[in-house]
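Here's the structure we're looking at; comments come further down.
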Amino acid sequence: MIAIIDYGMGNLYSVSKALERMNVDYIVSHEEAVLEKADGYILPGVGAFKDAMAILTEAGLTSFIQKIVAEDKPLLGICLGMQLLFDESEENGLTKGLSLLPGKVVKIPDTIEGNSLKVPHMGWNDLNIRNQSPLLQGIDSGYAYFVHSYYIDTEQGDTLLATADYGVDVPAVVGKGNVYGTQFHPEKSSELGLAILKNYIKIVEGE
Amino acid sequence: MITKRIIPCLDVKEGRVVKGIQFLGLRDAGDPVELAKFYDQEGADELVFLDISASHEGRKTMVDVVEQVAAQLAIPFTVGGGINSLEDMKRILRAGADKVSLNTAALLNPELITEGAGFFGSQCIVVAIDAKYDEELGSWRVYTHGGRNATEWEVVQWAQEAVKRGAGEILLTSMDSDGEKNGFNLALNKAVSEAVTVPVIASGGAGNAEHFLAAFEEGKADAALAASIFHYKETSVKEVKVYLNQQGVNIR
């Protein structure tokens, strides 16, 4: 069973509907006692990093998430939920993240080598696969739907499973051990997104 | 590289699509969910639903439509029309929409953009602008209430103000070009696209695939929206994309 961690800042509806369409058992909750029963987790997120971390911490979920990761249960962060997995973010002032993956969340530059760049990075962009992972099994290319203004700056190349070219190399899929993340919304990224969700379910189910 | 987006727009009234019903040949062509699926299969990159319900009941029905669309579709969609408050935005976004589009309400109360962007993030907030050329102004003027009332705002200035307040995208409709099928208003699009740092969706005037190419190349648009040419099957999303691909435009 998969648990969607509900801390009031996610597009829960479309993620849960996507799981329903795949006939996956899931629960949506913010209560540790309920969440604890799950085999794997999805951390969604739409909005600002600082607000999200404040709410997570206040709800006691920061330590809960660190605990389940230490127990080796799979975790998938989506969009802001992926950014929260990293060390810190410069959005609205420096804020500490969950530090489950190494790297910093920084603003997408609005100019690169004299060319202006539209921010948010909004629309369909193709993935360049960087490292093999069970999350990307059977996927060698394809388009995903991005909508974000901040991206992950990391020196740990092995955590980058796929990137998208937007003037800068935008980390699109990340992963290390049992912790995964997608910058795009898989539930809004057509076939490729659903394939990634299916792979994640397989990871959770231990297939 | 990021692709240019093709966005069909569906007008929804009291829970039903009101344009082009008899021309579509789908089993239930008046059903927004069926139409949304049809456009998804055709390769639409995104959808816009415009709620033109007159009644309170109609608006409530729209929330159901949003839930059904979100349950069935794996592409993003925007909902506009009648969104006047943070509460309205919450209802629509919680029902599963990815973005809300603000038009008249944002002009009457620009603070609404700031509040929405603060709460949901800029990526959720689209500001729709209805623009008409004004001889006296020597530029384009912003209109409200579905193009009925002129405002004091010049289009580029309003677009910049909206972005400053947190709009993540501008949906720019040329009232002069709308329905004419002679092409998007390229000068207008270029002026706005070069003046703001967020993506701009060109709208109004699409008649054929070449018009989309011009919107992207000359008009500097990031996405282009059309309604009737897709609804009336004068062309299809697929055809437009095949053409753009041949012309070297990066599309999905």
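Order of the sequence lines fixes the chain letters, A, B, ..., with proteins taken first and strands second; residue numbering starts at 1 for each chain. As the structure is a computational prediction, the values presented were derived from the model and not from experiment.
The CD atom of B/Gln72 sits 7.0 Å away from the CZ atom of A/Arg21 when rounded to the nearest 0.5 Å. Of the inter-residue distances, the one linking A/Ser14 atom OG with B/Asp98 atom CG reads 6.0 Å to the nearest 0.5 angstrom.
Put simply, of B/Ile2, B/Val198, B/Thr197, the one with the most heavy-atom pairs under 4.5 Å next to chain A is B/Ile2. If you tally non-hydrogen atom pairs under 4.5 Å between each of B/Lys4, B/Arg94, B/Lys99 and chain A, the highest count goes to B/Lys99. Here A/Asp165 is the residue among A/Asp165, A/Leu80, A/Asp110 with the most heavy-atom pairs under 4.5 Å with chain B.
For A/Gly47 against B/Gln123, the heavy-atom pair with the smallest separation is N-NE2, 4.0 Å. B/Ala74 approaches A/Leu194 most closely through the heavy-atom pair CB-CD1, 4.2 Å. Taking each heavy atom of A/Tyr13 and B/Gly96 in turn, the nearest pair found is CD2-CA, 4.2 Å.
The number of heavy-atom neighbours closer than 6.0 Å to NZ of B/Lys90, taken from other residues, nucleotides and ligands shown, is above 12. Within 6.0 Å of atom NZ in A/Lys50, more than 12 heavy atoms from other residues, nucleotides or ligands are found, so the atom counts as buried in its surroundings. Within a 6.0 Å sphere centred on CD of A/Glu20, other residues, nucleotides and ligands contribute more than 12 heavy atoms.
Along residues 114-147 of chain A, the residues that come nearer than 4.5 angstrom to chain B, judged on non-hydrogen atoms, are A/Leu117, A/Lys118, A/Val119, A/Pro120, A/His121, A/Met122, A/Gly123, A/Trp124, A/Asn125, A/Asp126, A/Tyr143, A/Tyr145, A/Val147 in order of number.
With a 4.5 Å cut-off on non-hydrogen atoms, A/Ser149 does not touch chain B at all. With a threshold of 4.5 angstrom between heavy atoms, B/Ala95 approaches chain A through N, CA, C or O but not through any side-chain atom. Residue contact with chain A, scored on non-hydrogen atoms closer than 4.5 Å, is absent for B/Ala117. Of the two parts of B/Arg5, only the side chain, counted from C-beta on, holds a non-hydrogen atom closer than 4.5 Å to a non-hydrogen atom of chain A.
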### Task
Report the C-alpha separation of A/Lys188 and B/Phe77 in whole Å, then their side-chain angles, then the decisive distance to 0.1 Å, and conclude whether the side-chain contact (heavy atoms from CB on, under 4.5 Å) test is met.
CA-CA 9 Å; A/Lys188 294 287 177 178; B/Phe77 67 100; 3.7 Å; yes
